[in-house]
Amino acid sequence: MQLTIRAVGEKAQVLSHLLAKNPNNVYERKQKGHLVRFFYRLFKEKEVEATIFVTPDPIELSNSRSNPYDITHYINDREFAVSSIFCSFIRNALGTALNGQPKEEYAEWVHHPFDLHVEFGPIVSSLSDKQMHELFDPLGFSVDITYGETDYKAKLKDRSTARFLSIRGIKTLRDTLRQLFILIPVMDNYKHYYIDEKEIEKLERYGKGWLEDHPMREYIYRQSLRFKDLYSMIENKEAVKEAVKQEKKVRLNDLRYEKIINLVKQVKPKTVVDFGSGEGKLAVRLGFLPGVEEILAVEPSESASLQAIRRFEKVQEKIGFVQPTSMWGSLFYYDERLKGKDVIILCEVIEHIDEHRLPKAVEMILHEYRPNTFIVTTPNREYNEVYDMNEALRHTDHRFEWTRPEFEYWCKERNKDQAYELRFDGAGEEHEQHGFPTQICVFTRKGAGI
């Protein structure tokens, strides 16, 4: 994790006073076990370059999680990416510059525009290059985005999906840092979880004077705060009102759940398995389907299962609701309890698993568990062009995303013995050329009927 700030031109050396860092010393501090370093690579009369970087403690990152048994920290990118967590690590080191409070004799320079060139990365984000430009261009920055080179021995891909950003503009140091401290978490796919009143206060303080006029203001609010309950606490009520309005628009996730519910309704099942049920959003909806007597919500992450249980408990007293049973489980471990169910659902699960491991897991569902109906959903890569995503995948944990022909071929390969009838469908807004954003295959065991 690193961020480099370079200033060129007259009085560039004043940056050291605004940053409150002596150019002759290396700043080095421990922040909750993580090592933060700041140093000057160049310190000339008309050119100053300073870098701040963090060497995270992976054990501390793991220990700070609320659930030590959740294995997802082994595969995340938190140790390497410039992210919301990175911002929290370096906030103390850059506090003087962020707050615009240098020594009194240098206070006038807080509002002085320098020719600033800032580089940071890698950024792990689902945003397209175009969307990143839309965040920084209105602030007066020129933006250059580069991708890391790959050097795999096996031919996997030609370049990394990690991006490095270089922005340049005639800006004050304080405003530049404040904008970065808001926009880096906006780009981050994994907003760190301690979002509270202080986070809102930071958003208001660092966004003052520029965020209210930003063309992507509502999007920035939504990405920064993530939780709807916090919107009402922002002073800018008009921005909040618009943010909530945007948030209430039907999202692809809702359309996907709605489609699955309609498919399940056609089967009129008594027993349903939601495999990879996450926080239980789909399982709750399944609980209100007429005729359903049992719902098994199977999830490998303990933290997600605990959230699902809390979600189930909130609606358990509602009329007609069948409370799902939360189960720890994996696609790769056989569980006798899942055998012979009416419906098994894999909603946006397979793309998170390495392709070569998938056939064994899915064939166990089809030939060992033998549900009457098996529903699989996954992103349609062709539709990514509608999102202007270039070569990026929709989520950093996706191991692949298939085109429609690739998905159809894969499903047919799983059904070589012709035990199931296959029907292909989709969810979301259909594009004339690229199809649905979510593609679906419904496997119906012959003789079961749909």
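Heavy atoms only: backbone and side chains are in, while hydrogens, waters and symmetry mates are out. These numbers were taken from a predicted model, which means no experiment stands behind them. The residues of the chain are indexed from 1 along the displayed sequence.
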Does a salt bridge link D129 with R163, judged by any charged N lying under 4.0 Å from a carboxylate O?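 Yes.
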
Hey, does the side chain of E385 reach the backbone of E382 with a donor-acceptor pair shorter than 3.5 angstrom?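 Checking the backbone N and O of E382 against the side chain of E385, no donor-acceptor pair under 3.5 Å is found.
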
Do T378 and E401 have side chains that get closer than 4.5 Å, going by heavy atoms?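 A side-chain contact under 4.5 Å is absent here.
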
For S166, is there any backbone N or O sitting under 3.5 Å from a side-chain donor or acceptor partner on E119?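 A pair under 3.5 Å: no.
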
Without swapping roles, check the side chain of W210 against the backbone of Y206 for a donor-acceptor pair under 3.5 Å.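 Looks like yes, one N/O pair under 3.5 Å.
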
Would R394 and N384 satisfy side chain to side chain donor-acceptor pair (under 3.5 Å), going step by step from the backbone distance to the final call? CA-CA 8 Å; R394 296 189 200 174; N384 290 357; 2.7 Å; yes

Is the OH atom of Y409 crowded by more than 12 outside heavy atoms at less than 6.0 Å?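 Result for OH/Y409: open.
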
Quick check for you: to the nearest 0.5 Å, what is the distance between T325 atom OG1 and R337 atom CZ?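 Here the interatomic distance stands at 9.5 Å.
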
Would you give the length of the straight line joining atom OH of Y369 to atom CZ of F374, rounded to the nearest 0.5 angstrom?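 If I round to the nearest 0.5 Å, the distance is 11.0 Å.
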
Do N22 side-chain atoms and N24 backbone N/O form a donor-acceptor pair below 3.5 Å?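 Such a contact is found between N22 side chain and N24 backbone.
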
With under 30° as parallel and over 60° as perpendicular, where do the rings of F120 and F136 fit, or are they tilted in between?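 Taking F136 first and then F120, their aromatic rings sit tilted (interplane angle of 30° to 60°).
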
State whether the side chain of T438 and the backbone N or O of R256 hold a donor-acceptor pair below 3.5 Å, judged by distance alone.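 Side chain of T438 to backbone of R256: no pair is present.
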
I'd like to know whether T51 forms a side chain to side chain donor-acceptor pair (under 3.5 Å) with T4, so could you lay out the CA-CA distance, the side-chain angles of the two residues, the decisive distance to 0.1 Å, and finally the verdict. CA-CA 4 Å; T51 295; T4 296; 2.8 Å; yes

Check: Q439 and W402 side chains under 4.5 Å, non-hydrogen atoms: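 Yes, their side chains come closer than 4.5 Å.
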
Between E406 and T403, does a side chain to side chain donor-acceptor pair (under 3.5 Å) hold up when you go through it step by step? CA-CA 5 Å; E406 287 171 336; T403 62; 3.3 Å; yes

If we only count heavy atoms from C-beta on, is the L139 to H214 side-chain gap below 4.5 Å?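 Yes. Closest side-chain heavy atoms under 4.5 Å.
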
SB check E351 R399 (cutoff 4.0 Å):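 Answer for the salt bridge query: no.
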
Do L286 and I345 have side chains that approach each other closer than 4.5 Å (heavy atoms only, starting at C-beta)?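 The answer is yes; the side chains approach within 4.5 Å.
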
Rounded distance (nearest 0.5 Å) linking atom CG of L346 with atom CG of D274: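 If I round to the nearest 0.5 Å, the distance is 8.5 Å.
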
Verify the neighbour count for atom CD of E105: are there more than 12 heavy atoms of other residues, nucleotides or ligands below 6.0 Å?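 Counting neighbours around CD of E105, more than 12 heavy atoms of other residues, nucleotides or ligands fall under 6.0 Å, so yes.
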
Testing the basics here: between G428 and F436, what is the closest heavy-atom pair and its distance to 0.1 Å?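 Shortest heavy-atom contact: O-CD2, 3.4 Å.
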
Report the relative orientation of the aromatic rings in Y333 and W328; use parallel for angles under 30°, tilted for 30 to 60°, perpendicular for over 60°.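 Because their plane-to-plane angle lies in the 30° to 60° range, the rings of Y333 and W328 count as tilted.
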
Verify, without hydrogens or angle tests, whether K259 (side chain) and I440 (backbone) share a donor-acceptor contact under 3.5 angstrom.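 It does not hold such a pair.
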
Distance-only, no hydrogens or angles: does the Y106 side chain make a donor-acceptor pair with backbone N or O of L15 under 3.5 Å?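 No, Y106 side chain to L15 backbone: no donor-acceptor pair under 3.5 Å.
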
Under 3.5 Å, side chain of T377 to main-chain N/O of C347, donor-acceptor pair present?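 It does not hold such a pair.
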
Could you check if a side-chain atom of E413 sits within less than 4.5 angstrom of a side-chain atom of P359, using non-hydrogen atoms only?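 A side-chain contact is absent here, since even the closest heavy-atom pair is not under 4.5 Å.
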
Check against ring pair (Phe, Tyr, Trp, His ring centres under 6.0 Å), F400 and H398: CA-CA 5 Å; F400 63 87; H398 286 185; 8.2 Å; no

What do you reckon, is CD of E104 surrounded by more than 12 foreign heavy atoms closer than 6.0 Å?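 Incorrect, the count does not exceed 12.
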
List the steps, then state whether side-chain contact (heavy atoms from CB on, under 4.5 Å) holds for E28 with F39. CA-CA 9 Å; E28 191 170 283; F39 67 93; over 6 Å; no

Salt bridge or not between D115 and R168? Use side-chain N to carboxylate O under 4.0 Å.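 Looking at R168 together with D115, the answer is yes, because their closest N to O distance falls below 4.0 Å.
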
May I ask you to say whether E47 pairs ionically with R6, meaning some side-chain N is under 4.0 Å from a carboxylate O?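 Salt bridge flag = yes for R6 with E47.
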
Distance from L94 atom CG to I5 atom CD1, nearest 0.5 Å?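 Here the interatomic distance stands at 6.0 Å.
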
Below 4.5 Å, heavy atoms only, C-beta onward: do Y40 and L19 meet side chain to side chain?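 Sidechains of L19 and Y40: in contact.
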
Any Lys/Arg nitrogen of D254 or R285 sitting under 4.0 Å from an Asp/Glu carboxylate oxygen of the other?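 Judged by the 4.0 Å cut-off on N to carboxylate O distance, D254 and R285 do form a salt bridge.
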
Side-chain heavy-atom pair P379, E348 within 4.5 angstrom cut-off: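 Answer yes - side chains close enough.
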
State which residue, out of F312, F321, Y257, fulfils the ring-ring contact (aromatic ring centres under 6.0 Å, His included) condition with F288.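 Single pass found, and it is F321.
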
Return yes if some donor-acceptor pair links the side-chain N/O of N380 with the main-chain N/O of H434 below 3.5 Å, else return no.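 A pair under 3.5 Å: yes.
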
Salt-bridge present (E212, R217; N to O < 4.0 Å):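 Answer for the salt bridge query: no.
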
Taking the side chain as every heavy atom from C-beta outward, state whether Y27 and R37 have any atom pair closer than 4.5 Å.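 No, too far: nothing below the 4.5 Å cut-off.
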
If you measure from CD1 on I344 to CZ on F275, what distance do you get to the nearest 0.5 Å?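 If we round to the nearest 0.5 Å, I344:CD1 and F275:CZ are 6.5 Å apart.
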
Has R414 got its NZ or CZ under 6.0 Å from the middle of the six-membered ring of W410, at an angle within 45 degrees of the ring axis?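 Satisfied, under 6.0 Å and within 45°.
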
For F407 and F424, take the angle between the two ring planes, folded into 0 to 90°, and tell me which bin it lands in: parallel under 30, tilted 30 to 60, perpendicular over 60.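 Rings of F407 and F424: perpendicular, over 60°.
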
Could you tell me which non-hydrogen atom of L18 sits nearest to which non-hydrogen atom of T96, and how far apart they are?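 The answer is O-CG2, 3.7 Å.
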
So how far is it from L173 CG to L177 CG, rounded to the nearest 0.5 Å?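 Taking CG in L173 and CG in L177, the distance rounds to 4.5 Å.
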
For G280, does its backbone N or O pair with a side-chain atom of S277 as donor and acceptor, under 3.5 Å?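 Looks like no, no N/O pair under 3.5 Å.
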
Lys/Arg cation over aromatic F332: K360, 6.0 Å, 45° cone: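 Not satisfied by the 6.0 Å and 45° rule.
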
